[in-house]
2 protein chains.
Amino acid sequence: MGRWKPDARARLEKAALALYREHGFAQTTVAEIAERAGLTERTFFRYFADKREVLFSGAGTLQQHLISALGDAPSSLAPIDAVGAAVEAAAELFEKRRDFARKRQAVISENAELQERERIKLASLASALEDALHRRGVANPAASLAAEMGVTVFRIAFERWINQDDNRTLAQIMRECLNELKLVTAGK
Amino acid sequence: MGRWKPDARARLEKAALALYREHGFAQTTVAEIAERAGLTERTFFRYFADKREVLFSGAGTLQQHLISALGDAPSSLAPIDAVGAAVEAAAELFEKRRDFARKRQAVISENAELQERERIKLASLASALEDALHRRGVANPAASLAAEMGVTVFRIAFERWINQDDNRTLAQIMRECLNELKLVTAGK
DNA sequence: TGGTTGATGTCAGTTACTGTCATAGGCAGT
DNA sequence: ACTGCCTATGACAGTAACTGACATCAACCA
């Protein structure tokens with residue numbers, strides 16, 4: 001047993017989400033979050049670069065899984081389908097956490113600053129996918145475009161999964177969304 | 001002649017870009033911008049919601065042109081091609097301002113907060129395009145996907161236009177980029 | 001002529017975020 | 001057991017973005 005209560009980071013994340021849901025992001029101060037977590041404001045900023053970042057710690061994990069899944073995709077697949085396989089595989093990370101995802105997304109959708117942060121995280125994902133495609137031998141602008149398509153499919157499918165009532169899996173919705181994208185770009 | 005020097009807004013924009021270029025975005029204070037423009041900090045915040053927004057006043061104009069151009073596109077065009085025609089038409093806004101665009105983009109590319117703002121402006125463009133496609137009778141997710149593809153093409157083509165040395169027009173690059181996107185999604 | 005208006009100034013306040021140093025419990029080596 | 005180091009946290013002061021309330025004052029207008 002350490003000197004301090006364990007999992008300071010997780011306690012801060014939990015307190016932040018709870019307070020953002022109770023009073024809204026803008027109305028919550030970092031001091032309040034820290035207090036609920038039994039820490040000080042200064043410690044909050046040792047774990048998170050800013051007040052928004054506390055909602056986005058999962059972004060790194062998602063990126064790792066995406067890149068790893070893209071590495072595992074058979075090299076016979078066209079870039080767009082390799083990316084499709086990667087986002088579908090990464091969907092696994094969320095299937096059992098729809099409830100948490102919904103709560104978190106509800107907070108984000110209420111605040112413009114949080115939407116900015118979410119978008120930049122998605123842009124970072126696209127950039128990482130692009131790099132991975134380069135390593136696969138895909139040149140630009142194809143790599144860049146395929147990566148962007150993948151992230152767009154991910155985002156739109158995720159949004160539909162969050163809002164739907166029935167029980168299609170995120171992976172299913174992503175596959176449908178990619179097929180729809182292929183139809184759209186084919187001019188249908 | 002009014003009581004005050006005219007074009008306070010334009011003076012603030014000019015001073016801000018100059019200072020962001022000279023010392024960087026983070027190292028520039030709003031008070032410095034206001035002083036160079038012959039105004040006070042408080043007045044800066046009457047014109048711009050925050051320190052970043054001063055670089056994005058053109059976003060509204062771009063959005064209007066995009067929507068208007070999409071309205072003008074023949075209804076025989078498939079959604080993706082109507083969007084393509086719109087972004088190509090909107091390129092006109094930039095052709096004579098590559099120098100300004102380069103300076104501005106150099107500032108943005110050096111700062112993460114500004115990139116966040118740029119991404120959210122592009123997201124707003126996509127949302128406006130999606131609405132316009134709905135008015136054209138396009139349903140979701142096709143409308144949403146076509147809009148996102150259009151914005152992605154716009155962004156990637158814009159980046160290439162900024163960085164290229166030769167003199168292809170932005171509109172040409174956008175057309176090429178859209179064609180490339182069609183190839184990529186066709187699995188080539 | 002006197003009241004109204006609208007862009008700007010002044011000023012105080014909140015809060016996000018940073019730099020710096022202090023504290024204190026645990027651990028390793030002797 | 002003593003010593004010193006390590007590391008997570010606290011304490012505290014400081015900067016600057018942003019906001020709200022009120023003052024000013026030249027132009028315009030009835």
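Residue numbering restarts at 1 for every chain, and letters A, B, ... go by the order of the sequence lines.
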Between [options], spot the one nearest the side chain of [X], thanks.
| X | options | value |
| --- | --- | --- |
| Phe45(B) | dA16(C), dA17(D), dT10(C) | dA17(D) |
| Asp50(B) | dA16(C), dG9(C), dC18(D) | dC18(D) |
| Trp4(B) | dT8(C), dA16(C), dT9(D) | dT8(C) |

Please give, in whole Å, the distance from [N] [atom2] to [X] [atom1]?
| X | N | atom1 | atom2 | value |
| --- | --- | --- | --- | --- |
| Lys51(B) | dA16(D) | NZ | P | 9 Å |
| Arg46(A) | dA22(C) | CZ | C1' | 11 Å |
| Arg52(B) | dA16(C) | CZ | P | 15 Å |
| Leu39(A) | dG10(D) | CG | P | 5 Å |

Is the phosphate of [N], meaning OP1 or OP2, less than 4.0 Å from a side-chain N or O of [X]?
| X | N | value |
| --- | --- | --- |
| Thr29(B) | dT15(D) | no |
| Tyr47(B) | dA7(C) | no |
| Thr40(B) | dT10(C) | no |

> Any donor and acceptor pair, going by atom type alone, linking the side chain of Glu110(A) with main-chain N or O of Val107(A) inside 3.5 Å?
Replying inline: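 Between the backbone of Val107(A) and the side chain of Glu110(A) there is no qualifying donor-acceptor contact (under 3.5 Å).
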>> Categorize Ala31(B) for me: base, sugar-phosphate, or nothing, with a 4.0 angstrom heavy-atom threshold over every strand shown.
In response: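 Contact class for Ala31(B): none.
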> DNA chain D: Arg11(A) or Phe44(B), which has the more 5' nearest nucleotide?
Replying inline: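 In this pair, the answer is Arg11(A).
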>> Base of dG19(C), side chain of Arg42(A) - is there a donor-acceptor contact under 3.5 Å?
In response: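 Pair found.
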> Does a donor on one side chain sit under 3.5 Å from an acceptor on the other, for Gln172(B) and Glu88(B)?
Replying inline: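 Gln172(B) vs Glu88(B): no donor-acceptor pair found between side chains.
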> Among side-chain atoms of Ser109(A) and Gln115(A), is any donor-acceptor pair under 3.5 angstrom?
Replying inline: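 Per modelled atom types, Ser109(A) and Gln115(A) side chains form no pair under 3.5 Å.
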> Between Ala146(A) and Pro79(A), what is the shortest heavy-atom contact and its length?
Replying inline: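 Taking every non-hydrogen atom into account, CB-CB, 4.3 Å.
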